Structure formats: structure tokens, C-alpha cells
Peer 1: 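This structure is in C-alpha cells; I'll ask about it shortly.
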Amino acid sequence: MLSLRYGTPAFGLVSERAAGAHFRKFNSVVVCGARGPRPRYPRVWKTDKRIGTVSKSQKLVKCVKDLSNVKEEVYGALDSFVAWELEFPLIAVKKALHTLEEEKEWKRIIQVIKWMFNKGQGKTMGSYQTLLTALIEDGRVEEAEELFGKIFSRYMEGLPRIFFMKMISLYYSSGSYQKMFEVFADMEELGVRPDRSIVKMLSVVFKKLDMLDKYEKLNRKYPPPKFEYRYIKGKRIRIAVYPDDRNEEMTQRNSDTDELEEAEGISRDNGLEEVASTGLDRNVLGDTACRDLEFM
């Protein structure tokens with residue numbers, strides 16, 4: 001009786017203790033799982049509103065476009081633009097330069113890059129290339145030559161080929177062939193292989209100046225490529241390339257072959273028609289001969 005009477009409450013106490021222990025464990029697990037990284041409060045020197053580099057670059061482009069060409073005004077506006085920045089907004093300035101280059105605002109590009117160089121920022125090969133392109137497009141040949149001389153003396157062996165290409169194309173368009181030959185001689189001394197466009201411009205100049213020996217030597221040293229690689233739908237495809245002199249020959253050959261094929265096709269059609277007609281006559285003659293034999 002006693003065991004039956006007091007057995008149930010004892011079991012209930014044990015179950016309650018187990019349930020309490022299980023509940024405690026579950027609560028502890030939940031609390032641990034709810035914990036995360038400590039909350040980071042905004043610092044005193046940082047603002048809550050953050051502006052992206054794209055909107056900054058657009059704001060810079062609008063700020064620069066509305067100004068005059070006075071140096072002090074442009075530099076003052078750019079200084080006020082970066083006055084409250086903790087670090088120099090190099091990415092925003094580079095994006096703004098890219099936008100100005102697409103819009104062909106060469107004077108603004110020159111002003112912004114020179115201001116950036118005065119701040120001691122962004123002195124990279126890409127910035128030098130953009131500045132050289134802007135000077136050439138704006139017609140400042142002397143400044144472009146001075147900039148190229150400084151870059152060439154500082155980064156002699158590490159200068160990319162695009163700088164030589166731009167200077168050679170500038171001298172080719174302006175007709176100063178002697179300077180063009182000097183830049184090409186510097187390229188050969190440094191071991192920089194010229195592009196096909198450079199070789200074409202030099203060959204045209206050699207032909208124009210009746211320097212056929214140098215023309216032949218140039219084409220012998222830098223022959224035209226037989227193949228080139230093009231990217232079509234993201235795939236690199238190798239395509240055969242024909243020189244300009246052979247293009248006319250290939251077109252003439254193609255036209256001659258087309259005419260020959262047309263003539264051969266016409267003759268074949270005529271021959272087939274004749275054979276068909278003679279075949280019909282032969283069949284008819286055969287039938288009449290058979291009939292004559294049957295009647296005989």
C-alpha cells in the first residue's frame with residue numbers, strides 16, 4: 001500500500017527534476033546560440049550616412065563641368081570636394097576620369113590629373129597614359145613630349161608599349177618623321193617588340209622617303225603574322241590573317257575562280273542538256289527498232 005501510495009509522487013519528483021535539468025540545458029543552449037558579435041557603436045569621427053564611389057564620381061563630374069578654365073577656380077573646387085575626406089578618394093576620382101574620358105572632356109581630364117599629382121596621389125601608369133592621351137587629343141604636343149621624356153627617363157625598361165605607340169602615331173600624323181625614327185630606335189634598344197600598326201606606319205614612311213632597303217629590312221625583321229586571336233562570345237579563336245598586299249590578289253583569285261566556276265557550271269549544264277536530249281532520242285530510237293523487230 002505504501003509503495004503504491006508513495007510511488008507515484010516519487011516518480012513525479014524525479015521526472016520534474018529531470019525536466020527542470022533538461023529545461024535548464026535547453027535554455028543555456030538557446031542563450032549561447034543567440035549570442036553573436038558584440039554590437040559596434042558608430043565612432044565619433046565617422047558619419048552614419050555613407051556615399052558610394054559611383055555617386056561621388058558623378059558629383060565630382062558635375063562639379064568640374066560647371067567650372068571655367070581658370071586654374072585657381074578648378075583647384076579650389078576640387079580641394080573643397082575632398083576637404084572633409086579622411087583619406088583621398090582615389091577610386092572616385094579614377095571613376096570620374098573614366099567618365100570624362102568617355103565624354104572626351106580632355107581639358108577637364110588634364111586639370112583633374114594634374115591636381116591629383118600635386119596632391120601626391122594616383123601616380124600610376126594608367127594615370128600617365130590617360131594624361132598623355134588627353135594632351136595629344138587636346139593638341140598640346142610640347143607638353144606631351146615633355147611628359148613622355150619624364151616617364152621614359154624614370155621607367156626606362158619598364159615602360160609599356162602603348163606609350164611608344166601613342167608617340168609614334170602622334171609624330172606620324174604631324175609629319176615629324178625624324179622624331180618617329182628616334183622613338184622607334186629607343187624601342188629596339190630596349191627590346192620592345194613593335195605592334196603591327198607601328199610596322200605599317202614605318203613601312204609607309206620608308207616607302208614615302210624612298211628608303212627601300214630599310215623597308216625590306218623592317219619587313220624581314222618583323223614579318224606579318226600568319227594568325228591572330230580574337231574573342232568571339234567569350235572564346236579565344238585563332239584566325240588566319242592575310243597581309244594587305246595579298247588581299248587584292250586573294251580577291252582577284254576569288255573573282256577569277258568564281259568566273260571559272262560559273263563558266264564550268266554553264267558548260268556542265270549545257271552538256272547535261274545535250275546528254276539528256278541524246279538519251280531521249282536514243283530511247284525513242286530503241287523503242288522504234290524494237291517495234292520493227294516485233295513486226296518483222
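Values below: every heavy atom of this structure, side chains too, minus hydrogens, waters and symmetry copies. Note that this is a predicted model, so its numbers are computed, not measured.
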Peer 1: Side-chain contact test, heavy atoms from C-beta onward, threshold under 4.5 Å: evaluate it for M180 versus M201 and give yes or no.
Peer 2: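 Yes, at least one pair of side-chain atoms sits under 4.5 Å.
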Peer 1: Would K150 and E145 pass as an ion pair if we require N to O under 4.0 Å?
Peer 2: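 No.
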Peer 1: Using 4.0 Å as the upper bound for N to carboxylate O, is an ion pair formed by K166 and E137?
Peer 2: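 No salt bridge links E137 with K166.
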Peer 1: Please answer: with hydrophobic residues joined when any side-chain heavy atoms are less than 4.5 Å apart, are V112 and V54 in the same cluster?
Peer 2: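 Cluster IDs for V112 and V54 differ.
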Peer 1: Should the pair F152 and F164 be assigned to parallel (<30°), tilted (30 to 60°) or perpendicular (>60°) ring geometry?
Peer 2: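 The arrangement is perpendicular - the two ring planes meet at more than 60°.
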Peer 1: Once rounded to the nearest 0.5 Å, what's the spacing between atom CG of L135 and atom CD1 of I110?
Peer 2: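 Answer rounded to 0.5 Å: 4.5 Å.
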Peer 1: Determine the minimum heavy-atom distance between K95 and S57, stating which atoms define it.
Peer 2: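 Looking at all heavy atoms of both residues, the shortest contact is CB-CB, 3.7 Å.
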Peer 1: Do L202 and L209 share a hydrophobic cluster (ILVMFWY, side-chain heavy atoms under 4.5 Å, transitive)?
Peer 2: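 Yes, it is one cluster - the side chains of L202 and L209 are joined through contacts under 4.5 Å.
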Peer 1: Given 3.5 Å as the limit, does a donor-acceptor pair link the side chain of N118 with the main chain of K114, or not?
Peer 2: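 Present.
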Peer 1: Is there a path of hydrophobic side-chain contacts, each under 4.5 Å between heavy atoms of I/L/V/M/F/W/Y residues, joining F117 to V64?
Peer 2: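 Yes, V64 and F117 fall within the same hydrophobic cluster.
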Peer 1: For R140, is there an ion pair with E143 - N to carboxylate O distance below 4.0 angstrom?
Peer 2: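 A salt bridge links E143 with R140.
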Peer 1: So does E73 pair up with K71, basic N to acidic O under 4.0 Å?
Peer 2: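 Salt bridge absent between E73 and K71.
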Peer 1: Which heavy atom of P160 sits nearest a heavy atom of M125, and at what distance?
Peer 2: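 Smallest heavy-atom distance, with atoms named: CD-SD, 4.0 Å.
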Peer 1: What class does the angle between the rings of W115 and F88 fall in, given that below 30° is parallel, 30 to 60° is tilted and above 60° is perpendicular?
Peer 2: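 Aromatic pair W115/F88 classed tilted.
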Peer 1: Looking at R108 and L67, would you say the former's side chain and the latter's main chain have a donor-acceptor pair under 3.5 Å?
Peer 2: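 Checked: pair present.
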Peer 1: Using the ring pair (Phe, Tyr, Trp, His ring centres under 6.0 Å) rule, take F184 and Y177 through it: C-alpha gap first, then chi angles, then the decisive distance, then the call.
Peer 2: CA-CA 10 Å; F184 182 68; Y177 300 135; over 10 Å; no
Peer 1: Would you check if there is a donor-acceptor pair between the side chains of K123 and Y128 at a distance under 3.5 Å?
Peer 2: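 No, because no side-chain N or O of Y128 sits under 3.5 Å from a partner of the opposite role on K123.
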Peer 1: Do side-chain atoms of S176 reach the backbone of Y172 as a donor and acceptor pair under 3.5 angstrom?
Peer 2: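 Here the side-chain-to-backbone pair does not exist.
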Peer 1: Does atom CD (E102) have a neighbourhood of more than 12 heavy atoms from anything else shown, all under 6.0 Å?
Peer 2: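 Yes, because the 6.0 Å sphere around CD of E102 holds more than 12 heavy atoms from other groups.
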Peer 1: Ignoring hydrogens and angles, state whether a donor on the side chain of S127 or T130 is under 3.5 Å from an acceptor on the partner side chain.
Peer 2: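 No.
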Peer 1: Looking only at heavy atoms, what is the nearest atom pair of L218 and S203, with distance?
Peer 2: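 Distance-wise, the nearest heavy atoms are CD2-N, 3.9 Å.
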Peer 1: Would you call E103 and K65 a salt bridge, using N to O less than 4.0 angstrom?
Peer 2: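 The answer is yes: the pair qualifies as a salt bridge.
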Peer 1: Y155, V192: one ILVMFWY side-chain cluster at the under-4.5 Å cut-off?
Peer 2: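 As far as the 4.5 Å side-chain criterion goes, V192 and Y155 are connected within one cluster.
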